[in-house]
Amino acid sequence: SMDGAPPPASPAGLSAYVAVSQLLGLTLLATTGAWLGRYRDGVAWDSPLQFNVHPLCMVLGMVFLQGDALLVYRVFRHEAKRSTKALHALLHGLALVIALVGIIAVFESHRTKGIPNMYSLHSWCGMAAFVLYLLQWLLGCGFFFLPGTSFSLRSRYKPQHVFFGIALFALSIAACLLGITEMLLFNIRDSYSHFVPEGVLANTLGVLLVAFGLVVGYVLTRDDWKRPPLAEELALSMDFKTLREHESSSGGSQ
């Protein structure tokens, strides 16, 4: 800040919850890797193992990176809004690219093996999550990065953007849970009910996905943990408010 004072500390508990979310996120990735490596023969592109690229990319992109992109505004509370916004958009963009690789992997794998596409509930929810996520990202870039967008338009769109951000994160986790169940029923249908190690490990992955979603969701929905507006943002919004009041009092004439 201008007077050389240290920036205000993060609210009590926020850092601990963010740390727990990152620990859960890394455990998620490790558990996915362990499942695919130990029980599904690993991951490769040009081979019968191409399918395994799909769950790895979806957990990394649509869950871990999407969750972290949502947390950006809570973690970088006192940095310039523009750089925080850029990081938010960049992480979401990276998540989209990784998810796209995962979607290509499953379609190519199905084509090679002659398996039909897009008939299961998992594929419907997953594709809906991806398409809406892409749309949300494009709209977000349009409203919050294009210099021509008016302040009032941004203010009106922001609540929708925030709501759908959390809703799509929840939908992505739900699609992953459906995918895990589907994968287990395809691969170990006869032994799943006997608590075999693969089933237990995959179920554990599902529980970790839910836990990650709950912790991220809690951080995002706590009002007192929201990013405080910086002085220049407050000044800017006051300027716009004054300008709009002046416009309306003068009948909107230019």
Side-chain angles (χ1 to χ4, degrees), residues 14 17-26 28-29 32 53-106 125-149 153-177 179 208-222 225-227 229-230 233:
L14 174 61
Y17 268 91
V18 169
V20 168
S21 77
Q22 296 314 287
L23 196 61
L24 281 168
L26 294 171
L28 263 182
L29 295 175
T32 308
V53 173
H54 176 72
L56 190 62
C57 283
M58 287 352 227
V59 170
L60 174 58
M62 296 295 286
V63 179
F64 183 60
L65 286 176
Q66 184 178 177
D68 274 8
L70 295 174
L71 290 175
V72 158
Y73 286 111
R74 303 293 176 273
V75 175
F76 301 102
R77 305 172 60 73
H78 307 291
E79 278 69 20
K81 183 76 175 272
R82 189 148 189 90
S83 50
T84 314
K85 199 193 290 185
L87 180 61
H88 177 74
L90 193 69
L91 282 173
H92 278 310
L94 187 60
L96 275 164
V97 170
I98 291 169
L100 182 62
V101 172
I103 288 172
I104 292 167
V106 74
C125 289
M127 193 55 84
F130 178 77
V131 171
L132 292 171
Y133 188 37
L134 176 61
L135 190 63
Q136 163 94 341
W137 187 75
L138 292 170
L139 284 170
C141 289
F143 275 99
F144 300 114
F145 274 116
L146 288 182
T149 317
L153 201 57
R154 280 181 188 179
S155 309
R156 281 205 292 273
Y157 173 64
K158 194 181 169 187
Q160 277 87 271
H161 185 73
V162 171
F163 170 77
F164 282 106
I166 296 175
L168 288 172
F169 178 57
L171 178 59
S172 301
I173 290 174
C176 285
L177 296 178
L208 286 167
L209 281 160
V210 172
F212 180 70
L214 290 174
V215 173
V216 170
Y218 181 70
V219 173
L220 291 176
T221 51
R222 260 198 65 167
W225 287 358
K226 285 192 164 63
R227 186 182 196 272
L230 301 179
E233 292 167 47

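With a 6.0 Å cutoff to the six-membered ring centre and a 45° limit on the axis angle, Lys85 counts as a cation-pi contact of Phe145.
Inter-residue side-chain proximity for Val219 and Ser21 is flagged as unmet; no heavy-atom pair is nearer than 4.5 Å. Side chains of Arg222 and Arg74 form no contact here, defined as non-hydrogen atoms less than 4.5 Å apart. Contact of the Leu135 side chain with the Val131 side chain is not registered, since no non-hydrogen atoms from C-beta on lie closer than 4.5 Å.
Enclosure of atom CZ in Phe143 by more than 12 non-hydrogen atoms of other residues, nucleotides or ligands within 6.0 angstrom is indicated.
Across Phe164 and Gln136, no two heavy atoms sit closer than the pair CB-OE1, 3.6 Å. In terms of heavy-atom proximity, Leu220 sits nearest to Lys226 at O-NZ, 4.0 Å. Of all heavy-atom pairs between Ser83 and Ala80, the closest is OG-O, 3.0 Å. Residues Arg154 and Leu146 approach most closely at NH2-O, 3.1 Å, considering heavy atoms. Closest heavy-atom contact between Ala128 and Leu171: C-CD2, 4.4 Å.
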Query raised in the report: Yes or no on side chain to side chain contact (heavy atoms under 4.5 Å, CB included) for Leu87 and Leu91, after CA distance, side-chain angles and deciding distance?
Result: CA-CA 6 Å; Leu87 180 61; Leu91 282 173; 4.3 Å; yes

Requested in this report: Test side chain to side chain contact (heavy atoms under 4.5 Å, CB included) on Leu60 and Leu56 and set out the steps.
Outcome: CA-CA 6 Å; Leu60 174 58; Leu56 190 62; 5.7 Å; no

**Report entry** Residues Phe76, Lys81; criterion side chain to side chain contact (heavy atoms under 4.5 Å, CB included); working and verdict
**Finding:** CA-CA 9 Å; Phe76 301 102; Lys81 183 76 175 272; over 6 Å; no

Report task. Would you check, one step at a time, whether the test side chain to side chain contact (heavy atoms under 4.5 Å, CB included) holds for Leu14 with Arg77? Result -> CA-CA 11 Å; Leu14 174 61; Arg77 305 172 60 73; 3.7 Å; yes

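Under the 30°/60° scheme for interplanar angles, the aromatic rings of Tyr157 and His161 are found to be tilted.
Here the CG-CZ distance, from Leu100 to Phe130, works out to 4.5 Å after rounding to the nearest 0.5 Å. Leu132 contributes atom CG, which lies 16.0 Å from atom CH2 of Trp137 (distance to the nearest 0.5 angstrom). For the atom pair CZ of Phe212 and CG of Leu26, the computed distance is 9.0 Å after rounding to the nearest 0.5 Å. The CG atom of Leu28 lies 5.0 Å from the CG atom of Leu209; values are rounded to the nearest 0.5 Å. Rounding to the nearest 0.5 Å places NE2 of His78 at 8.5 Å from CZ of Arg227. Rounded to the nearest 0.5 Å, atoms CD1 (Ile103) and CD1 (Ile98) are 12.5 Å apart.
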Distance-only check: which donor-acceptor pairs under 3.5 Å involve side-chain atoms of residues 62-69, not counting sequence neighbours?
residue, atom, partner, partner atom, Å
Gln66, OE1, Phe169, N, 3.3
Gln66, NE2, Met62, O, 2.7
Gln66, NE2, Ser172, OG, 3.1
Asp68, OD1, Gln22, NE2, 2.8

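Applying the side chain to side chain donor-acceptor pair (under 3.5 Å) test to Lys158 and every residue at least two apart in sequence or in another chain returns nothing. Under the rule for a ring-ring contact (aromatic ring centres under 6.0 Å, His included), the partners of Tyr17 that lie at least two apart in sequence or sit in another chain are Tyr218, Trp225.
Side-chain N or O atoms of His88 include none that pairs as donor or acceptor with a backbone N or O of Val72 at under 3.5 Å.
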